[in-house]
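Each remark here refers to the structure printed beneath this line.
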Amino acid sequence: MTVRIGVIGTGAIGREHIERVTRRVSGARIGVVTDIDAASAEKAAAEAGGARIAADGAELIGSGDVDAVLVTSWGPSHAEHVLGAIAAGKPVFCEKPLATTAADCLAIMAAEEAFGRRLVQVGFMRRYDKGYGEMKRIIDAGGIGRPLMMHCAHRNRAVPPGYTTEMAAQDSGVHEIDAARWLLSEEIVSAQVVMPRSTSRRHPHLKDPQFILFETEGGVRIDLEVFVNCQYGYDIQCETVGEEGLLRLPDPAHVELRGSARVGTAIDQEWDDRFSAAFDTELQAWVDSVTAGTATGPTAWDGYAATAVAAATVEAQRTGGVVEVEMVERPAFYA
Ligand code: NAP
């Protein structure tokens, strides 16, 4: 069976996923695309080898020639499209965030539970990165004993003027929020944000860098530096300290250059270089799960938890205090 995918949103990551499905993922093809920008949809349809263009997300979801839906439009539109796909009984992969409000995430969870089986996978691709995967396996096997602390850094070379202080939590830090919950198998219960002096290389409205401090339900402390104008590259660091050892995420493999009395390796410049292989693995896993008829990967609950923690972090940016994360009990459906 070849899964016929409909793509809603043909911006930066939409186009990357179309290229991925067209060239590197097996068992699927792009059948239909849509975007509120008609020119972007036309370009994407051509790049997908002649996909059909639907007028909007609702038409795409209802189409008889779409087996599964890939949502890559901007965040505030995600809930509408994911709910539409669930109503149509179609598997849906939604780029993060699942929805921009906890209430919308809860509506998605309720709809999925009412449908009776999982249809939603959320795009937290770090779970498909080799280094993170190895870290998870070792923690779960007890290889460092009981985890106590995590030290994380999320650094981008630079961000466009539209990037806001809140996006450090909602768009950047949300990846570490999901990775930490997943690695530790624990929920995050509080957030605090400490602001060092800002870099002169930022846009004036932005507070950058930021230290975010999380605590999990079991008392693990996580510190996260988000620094989105660090100038030198895209640099993701993660260290988990346990009672009997320490795990550190490996830097991406690059050839070592020795010369001019120095030794060094290249640093990735953008997120799509750093996580390209993880995105490939993630989308292949999604297509395989659609073919098998059993959803896998990050769930709507994971999307909800990440949005709830990000909301508490934004509140903590505002107040400077420790903010408790407001979350409902985890439904048995997502056990
Ligand atoms: P982008 O370049 O702005 O693309 C979003 C596209 O969706 C734009 O073409 C936009 O059109 C279109 N769109 C917006 N609302 C729509 C609607 N209701 N129906 C159809 N199309 C609609 O943004 P992006 O960087 O690709 O990001 C898209 C999503 O992916 C975001 O949620 C982002 O957080 C996520 N993302 C995830 C990762 C990751 O690491 N997993 C990386 C990048 C992005 P207009 O431009 O005309 O509004």
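Just so you know, ligand 1 is whichever comes first in the structure, and atom 1 is the first atom listed for that ligand.
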TODO: For atom 30 (O) of ligand 1, decide whether some protein heavy-atom distance is shorter than 4.0 Å.
DONE: yes
Within the protein, is there a heavy atom lying under 4.0 Å from atom 46 (O) of ligand 1? no
In ligand 1, the atoms that come under 4.0 Å of a heavy atom of H78 are 32 (O)
Should we count CD of E324 as having more than 12 external heavy atoms under 6.0 Å? no
Here the atoms of ligand 1 under 4.0 Å from any heavy atom belonging to I36 are 11 (O), 13 (N), 14 (C), 15 (N), 17 (C), 19 (N), 20 (C), 21 (N), 22 (C), 47 (O), 48 (O)
Among M125, K96, E95, R15, the residue with a heavy atom nearest to atom 34 (O) of ligand 1 is K96
Result for side chain to side chain contact (heavy atoms under 4.5 Å, CB included) between Q210 and one of T165, V228, L224, T313 points to T165
In terms of its nearest heavy atom to atom 15 (N) of ligand 1, the top option of W271, W74, F279, F124 is W74
Ligand 1 atoms nearer than 4.0 angstrom to some heavy atom of S73 are 7 (O), 13 (N), 14 (C), 15 (N), 16 (C), 21 (N), 22 (C), 28 (C), 29 (C), 31 (C), 32 (O)
Per-atom filter on ligand 1: closer than 4.0 angstrom to a heavy atom of D37 are 47 (O)
If we number the atoms of ligand 1 from 1 as shown, the ones under 4.0 Å from a heavy atom of P97 are 32 (O)
Specify whether the nearest protein heavy atom to atom 23 (O) of ligand 1 is under 4.0 angstrom away. no
